[in-house]
Amino acid sequence: MSFESLLNQKCVIYHMKKESKSLGYGITSDSFFYSEEPDEADIPCHFNVSDTGTLGQTEDANEYTVAGKLNLPYGTDVRVNDKIIDLGSGITYYAEIPRNIRDHHIIVQVQRKGKVNGAM
């Protein structure tokens with residue numbers, strides 16, 4: 001089985017961008033955002049994400065965290081805090097530190113967080 005046959009899914013990658021605004025009096029404010037258009041589109045990949053996650057209590061709701069690994073072809077431009085969307089499911093993940101595996105492929109730890117609001 002070749003590595004290319006493992007990459008059975010597709011994703012898009014958005015790089016985090018920084019914008020600085022002047023508030024006057026020599027004070028600047030930085031804001032971070034993702035652009036409307038993906039920076040890397042239609043990338044072959046494989047999400048290895050478990051169905052179980054951790055659940056924690058916050059002040060207003062329960063918060064879940066699901067983590068997993070993402071396999072990408074070598075040379076894919078992926079960075080820390082990139083937003084990665086699985087095109088098959090539409091689920092959004094955020095990248096941790098990408099690891100280059102012997103100039104063969106890239107593995108990235110990804111996670112998604114969200115609030116669980118249950119109305120009874």
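In this structure, the side chains of Met16 and Tyr34 come closer than 4.5 Å at one or more pairs of heavy atoms. For the pair Asp86 and Gln9, the minimum side-chain heavy-atom distance is below 4.5 Å. Two residues are said to be in side-chain contact when any heavy atoms from C-beta on lie closer than 4.5 Å; Leu87 and Asp42 meet this criterion.
Listed by chain and residue number, Tyr93 satisfy the ring-ring contact (aromatic ring centres under 6.0 Å, His included) test with Phe47 (two or more places apart in sequence, or in another chain). Evaluation of the side-chain hydrogen bond (donor to acceptor under 3.5 Å, both in side chains) rule for Ser22 yields no partner, not counting sequence neighbours. Residues satisfying the ring-ring contact (aromatic ring centres under 6.0 Å, His included) criterion with His46, sequence neighbours excluded, are absent altogether. Residues satisfying the side-chain contact (heavy atoms from CB on, under 4.5 Å) criterion with Lys18, sequence neighbours excluded, are Ser20, Asp30, Phe32. Partners of Lys17 under the side-chain hydrogen bond (donor to acceptor under 3.5 Å, both in side chains) rule, at least two apart in sequence or in another chain, are Asp39.
Minimum interatomic distance between Ala95 and Val110 (heavy atoms only, all atoms of both residues): CA-CG1, 4.3 Å. Minimum interatomic distance between Phe33 and Glu19 (heavy atoms only, all atoms of both residues): CE2-CB, 3.8 Å.
A continuous path of hydrophobic side-chain contacts links Tyr14 to Tyr94 [ILVMFWY only; heavy atoms under 4.5 Å]. Follow the hydrophobic side-chain contacts under 4.5 Å out from Leu7 and you never reach Val12; the two are in separate clusters.
Distance check: Thr28 OG1 to Lys21 NZ gives 12.0 Å after rounding to the nearest 0.5 Å. Considering CG of Asp82 and CD1 of Ile13, their distance stands at 6.5 Å, rounded to 0.5 Å. Between Glu37 atom CD and Ser35 atom OG the span is 7.5 Å, to the nearest 0.5 Å. If you take CD1 on Ile84 and CD1 on Ile91, they are separated by 13.5 Å, rounding to the nearest 0.5 Å. Rounding to the nearest 0.5 Å gives a distance of 6.5 Å between NE2 of His104 and CZ of Phe3.
More than 12 heavy atoms of other residues, nucleotides or ligands sit less than 6.0 Å from atom NZ of Lys83. Heavy-atom contacts from other residues, nucleotides or ligands closer than 6.0 Å to CG of Leu23 number more than 12.
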For residues 70-77, tabulate all N or O donor-acceptor pairs below 3.5 Å that involve a side-chain atom, not counting sequence neighbours.
| unit_1 | atom_1 | unit_2 | atom_2 | d |
| --- | --- | --- | --- | --- |
| Tyr74 | OH | Asp103 | OD1 | 3.4 |
| Thr76 | OG1 | Pro73 | O | 2.8 |
| Asp77 | OD1 | Arg79 | NE | 3.3 |
| Asp77 | OD2 | His15 | NE2 | 3.2 |
| Asp77 | OD2 | Arg79 | NH2 | 3.0 |

